[in-house]
2 protein chains.
Amino acid sequence: MSNSKLYKGSLNTIILKLLSENGKMYGYEITQKVKDLTKGELNITEGALYPALHKLEAEGLLDVEIAKVDNRLRKYYKLTESGTKETVSKLQELAEYIKTMQNLVNPKLA
Amino acid sequence: MSNSKLYKGSLNTIILKLLSENGKMYGYEITQKVKDLTKGELNITEGALYPALHKLEAEGLLDVEIAKVDNRLRKYYKLTESGTKETVSKLQELAEYIKTMQNLVNPKLA
DNA sequence: AACCATACTTAAGTATCTTATGCATAAGAA
DNA sequence: TTCTTATGCATAAGATACTTAAGTATGGTT
């Protein structure tokens, strides 16, 4: 996913947030979007992404819709209702994490 | 370490930064300091901390000094020279990670 | 006497990710 | 026209970082 271990644990948050912004996306599209938005700093590997999508679906946070474009398969994912709630919660967790870490690392601001 | 998976991968950064601030610390002290600074939000478990300290020592980033206080053992850790360098690098990574994630999650600022 | 705080250790299990491989279609370069 | 690259998904094996849990030991509190 990246050379920095810090990204461990943030993949689900990224997926959920992107879906909440873009309505529906397919896996490959997500990898490209992330590469784009981060100017190449963050590259999500397929080996991480697809199992993550399957798990989120199994947990009922995502719905799938299969499409065929140019004779190629695409699996579009979108948030379910509970997926939308989870997105809010994950984003709060991220904000909280960032605040906590800045507090630890930059205690002069505390 | 915490209910949020986001902390996965940031333990080493936390240890190194605390040592760079406080000169030398022992394991138990680190857990208490983190609990303090984060008002209880982040609790580092012993099962995570002690192996991490041993590994950082094995990598040459930390030096150990054993002390006996009140008939109890303490192992004080402090940064080596290369540990100090690594701390700088880890803190840069953290800043970079935060920037990237805010970009992904808050793209209006991009 | 029982419990909690201090202090360190380590083993077993889990989760997340990397690395690698595989399948399949299409477009572009050599 | 053959080879590479891009598109698109899937999954198994291994690495890593953590959780959970148990163990050892001292000392203060109820």
Side-chain angles (χ1 to χ4, degrees), chain A residues 1-16 24-36 40-59 61-62 64-77 90 93-94 97 101, chain B residues 1-16 24-36 40 42-59 61-62 64-77 90 93-94 97 100-101:
Chain A
M1 191 168 170
S2 160
N3 58 319
S4 169
K5 290 164 193 164
L6 294 168
Y7 290 98
K8 224 178 252 287
S10 40
L11 178 56
N12 286 346
T13 305
I14 292 171
I15 292 172
L16 293 173
K24 63 175 189 177
M25 301 179 82
Y26 56 100
Y28 186 76
E29 187 185 8
I30 292 176
T31 66
Q32 299 309 302
K33 188 78 175 176
V34 168
K35 200 185 291 183
D36 238 49
E41 161 155 6
L42 216 188
N43 288 305
I44 294 180
T45 60
E46 299 168 300
L49 178 65
Y50 291 114
L53 288 171
H54 299 161
K55 200 181 173 205
L56 290 171
E57 186 199 351
E59 289 167 354
L61 304 180
L62 302 185
V64 189
E65 180 196 324
I66 296 176
K68 208 161 188 179
V69 180
D70 289 332
N71 205 30
R72 268 200 226 92
L73 190 73
R74 280 186 191 173
K75 293 178 80 172
Y76 280 98
Y77 291 90
K90 287 279 188 197
E93 265 181 37
L94 177 61
Y97 166 79
M101 287 302 286
Chain B
M1 192 164 169
S2 159
N3 57 319
S4 169
K5 289 164 194 165
L6 294 168
Y7 290 98
K8 231 175 247 285
S10 40
L11 178 55
N12 285 347
T13 306
I14 292 170
I15 293 172
L16 293 172
K24 64 175 188 179
M25 301 179 81
Y26 57 100
Y28 187 75
E29 187 185 7
I30 292 177
T31 66
Q32 300 309 302
K33 189 76 175 179
V34 168
K35 199 186 291 181
D36 239 49
L42 215 189
N43 288 305
I44 294 181
T45 60
E46 298 168 300
L49 178 65
Y50 291 112
L53 287 172
H54 300 162
K55 200 181 174 207
L56 289 171
E57 187 200 349
E59 288 167 355
L61 303 180
L62 302 185
V64 190
E65 179 196 325
I66 295 176
K68 208 163 190 179
V69 179
D70 289 331
N71 206 30
R72 266 201 226 90
L73 190 74
R74 279 185 191 171
K75 293 178 81 173
Y76 281 98
Y77 291 91
K90 286 279 186 197
E93 265 181 36
L94 177 61
Y97 166 80
T100 299
M101 287 302 287

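Here is how names work: the chains are called A, B, and so on, in the same order as the sequence lines, proteins then strands, and each is numbered from 1. Note that the structure is a prediction, hence the values are computed from the model and not measured.
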Side-chain heavy atoms of [X] within contact of [Y], under 4.5 Å:
X       : Y       : value
A:Tyr28 : A:Lys75 : no
B:Thr45 : B:Asn43 : no
A:Glu46 : A:Leu49 : no
B:Glu65 : B:Tyr26 : no

Quiz item: About how many Å separate CD1 of B:Ile14 and NZ of B:Lys33, when rounded to the nearest 0.5 Å?
Solution: 14.0 Å

Output the single nucleotide from [options] whose closest atom is nearest the side chain of [X].
X       : options               : result
A:Leu11 : D:dG27, C:dC17, C:dT9 : C:dC17
B:Leu73 : C:dT25, C:dA5, C:dC8  : C:dC8
B:Arg74 : D:dC9, D:dC18, C:dC8  : C:dC8
B:Lys75 : C:dC17, D:dA10, C:dC8 : C:dC8

Self-check item: Whole-Å distance separating the CG atom of A:Asn12 from the C1' atom of C:dC17
Solution: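 Atom-to-atom, A:Asn12 to C:dC17, this comes out as 12 Å.
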
Self-check item: d(NZ, A:Lys68; P, C:dA24) in whole Å
Solution: 13 Å

Hey, does the side chain of [X] come within less than 4.0 Å of [N]'s phosphate (OP1/OP2), counting only N and O?
X       : N      : value
A:Tyr26 : D:dG8  : yes
A:Lys8  : C:dA15 : no
A:Asn71 : C:dA26 : yes

Quiz item: Does any residue of residues 45-57 of chain A have a heavy atom under 4.0 Å from DNA chain D, and if so, which ones, in number order?
Solution: A:Glu46, A:Gly47, A:Tyr50, A:Pro51, A:His54

Quiz item: What nucleic acid atoms does A:Thr31 come within less than 4.0 Å of, heavy atoms only: base, sugar-phosphate, or nothing?
Solution: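 Here A:Thr31 touches no strand at all.
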
Quiz prompt | 5′-ward residue of the pair A:Ile44/A:Asp70 relative to DNA chain C | solution =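 Nearest nucleotide further toward 5': that of A:Ile44.
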
Quiz item: Which residue lies toward the 5' end of DNA chain C, A:Arg72 or A:Ser10, if each is placed at its nearest nucleotide?
Solution: A:Ser10

Quiz prompt | Those residues that, when tested against A:Ser4, pass side chain to side chain contact (heavy atoms under 4.5 Å, CB included) (two or more places apart) | solution =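 With neighbours one apart ignored, the set is A:Ser2, A:Leu6, A:Tyr7, B:Glu93.
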
Quiz prompt | ring pair (Phe, Tyr, Trp, His ring centres under 6.0 Å) partners for B:Tyr50, two or more places apart | solution = none

